[in-house]
Amino acid sequence: MPSKFACITCGSEQQLTGSQCGTCRLTERLRDVLADKGGAIHPSLATLYEHLLTARDPRAVVRWLRREPVGATLRAMAAGELPISHSTLDALPLSPRVRYLRRMLISAGTLPTIDVLLNDLENHAAAFIASLSTEHGAVIAQYFHWELLRKIRQRSANRAMTPSSYSIRSTELRKIAHFLAWLDANGLSLPSLDQTSVDRFFARHHSQVAVGTFLNWAIRQSLTSPVKIPGRKPARPRPPVSDDVIWDKVDQLVDDESVPLGSRLIGLLVLVFAQRISDCVRLCRSDVTDGETMRIALGRTPLTLPSPIAVLLRRHLKELSTRRPYVAGGPDWLFPGATPHHHVSEASVALHLVPHKIHARKIQQARIDHLVQTVPASIVADTLGINIHTAVRHAARTNSRWGNYPELRASPTGE
């Protein structure tokens, strides 16, 4: 006797959604959304169709396709009403949902790979500049395209833009626009700007590095008279982090199951190997080798992981094999994020480490200081993947005496 709780299409009892299983419901929905005018899957969307069918939870994809503008945009692409290109997505209002759709299309091979956040920054800048007065918009557009964007693209050639960098750059544009509005409100302009006005602005408005950078550019372009930009007050030196404090935090992360495993591992790489979170999130599975010992390539020479970290990493890799939302597609990140084709965000990892008061920048500096006192700076740079000049600078600052290799601790507790 047929089960009352089985898919009416295939008979499966797995992941039921109403009268159908998740896979049959997804197949039906994809054929509806991605079909061309002839009723067949649009040839240029076939890779997306195949990719989405590999979802471990088809029901989540069905829900995603219902959201706007996802379903409507894909349906218009399939019908030939909109081109299957990045330009179609560029015309949509900027939102996390549109960014997710773009990364999904890239992950499936439907659209060519681009730096998504850099592309979004250009679109954001264009919309922001269009909202300004003609005079202010022209100046900021010139600065953005010939100064900011040029430098950003140079960096992007080696590393994609990060969410924090995107936020910083978009904030810069707002601060510069605010400065130009301040000039107008005070009966001033760039050509009439004088030192007294500059000093008055910076005395009343703090954290204006973006405005200072903009003014230096305006001076070079002869848009304003030469003025001196007030320097930033040097930050108070932070007290050094002791080695004992660092290893206490290592012990905490090894044992704390309340922190997501991926964030724990990144925290341990920060604490033990002086890594930056931004570098850790970009590690790939190919950077890890597992044989008699587990090794990870942070620099040119792979490092052997201490046993407690290796145990956690093996567990993490095992969990990854069943946690990936899609069976195939996209880079093989060691720490994948929820967004297709993208690694976990630096911000989410940092948030998970906050309860342990792990401030990556401060700890990285302290850890390098400790390491260069026992290992030659060149070896520290080679194995940790940091710049040799950075390692040498730390060695000089700490008056280190190059010694023998320290033995890697078998466990953070020294047992």
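The figures here come from the full heavy-atom set of this structure, side chains too, leaving out hydrogens, waters and symmetry mates. All values reported here derive from a predicted model rather than from experimental measurement.
The backbone N or O of H356 lies less than 3.5 Å from a partner atom in the side chain of K249, making a donor-acceptor pair. R295 contributes a side-chain N or O that, together with a main-chain N or O of P302, makes up a donor-acceptor pair within less than 3.5 Å. At least one donor-acceptor pair under 3.5 Å links the side chain of R264 to the backbone N or O of D256. Judged by distance alone, the side chain of R25 and the main-chain N or O of R59 form no donor-acceptor pair under 3.5 Å. Although no hydrogens or angles enter the test, the distance criterion places a donor-acceptor pair under 3.5 Å between the side chain of R97 and the main chain of E68.
Note that NE2 of H136 and CG of L183 are 7.0 Å apart. Values are rounded to the nearest 0.5 Å. Between L190 atom CG and F179 atom CZ the span is 6.0 Å, to the nearest 0.5 Å.
Of the charged side-chain nitrogens involved, none lies within less than 4.0 Å of a carboxylate oxygen, so that D115 and R153 do not count as a salt-bridged pair. A salt bridge is absent between R314 and E319: the closest approach of a Lys/Arg side-chain nitrogen to an acidic carboxylate oxygen does not fall below 4.0 angstrom. Ion pairing of E28 with R31 is absent here, as no side-chain N (NZ or NE/NH1/NH2) approaches a carboxylate O to less than 4.0 Å. Look at R315 and E257 and you find a salt bridge, because one of the NZ, NE, NH1 or NH2 atoms lies within 4.0 Å of a carboxylate O, short of that distance. Under a 4.0 Å N-O distance rule, the pair R282/E346 qualifies as a salt bridge. Between R102 and D90 there is a salt bridge, since at least one side-chain N of the basic residue sits less than 4.0 Å from a carboxylate O of the acidic one.
Residues P58 and V61 form no side-chain contact, since every pair of their non-hydrogen atoms from C-beta on lies 4.5 Å or further apart. Counting only heavy atoms from C-beta outward, the side chains of Q364 and F273 never approach each other to under 4.5 Å. Two residues are said to be in side-chain contact when any heavy atoms from C-beta on lie closer than 4.5 Å; H316 and F335 meet this criterion. Proximity of I176 to F144: side-chain heavy atoms (C-beta onward) are nowhere separated by under 4.5 Å. For the pair L65/L30, a side-chain contact is recorded, criterion being any heavy-atom separation below 4.5 Å from C-beta on. Between L48 and L34, the closest side-chain pair of non-hydrogen atoms falls below 4.5 Å. A heavy-atom distance below 4.5 Å is not found between the side chains of L334 and C284. Looking only at side-chain heavy atoms (C-beta outward), Q365 and R397 come within less than 4.5 Å of each other.
Relative to the six-membered ring of F214, R174 misses at least one condition, a distance below 6.0 Å or an angle of at most 45° to the axis.
For Y49 and H42, the ring centers sit 6.0 Å or farther from each other.
Counting heavy atoms of neighbouring residues, nucleotides and ligands inside a 6.0 Å radius, atom CD of E135 does not exceed 12 of them. Annotation: H178, atom NE2; neighbour count of heavy atoms from other residues, nucleotides and ligands within 6.0 Å does not exceed 12.
There is no side-chain donor-acceptor pair under 3.5 Å between S242 and D244. A donor-acceptor contact under 3.5 angstrom links the side chains of T110 and T47, judged on distance only.
Considering all non-hydrogen atoms of both residues, V198 and P230 come closest at CG1-CD, 3.9 Å.
Partners of E50 under the side-chain contact (heavy atoms from CB on, under 4.5 Å) rule, at least two apart in sequence or in another chain, do not exist in this structure. Residues meeting the side-chain hydrogen bond (donor to acceptor under 3.5 Å, both in side chains) test with D255, sequence neighbours left out: none.
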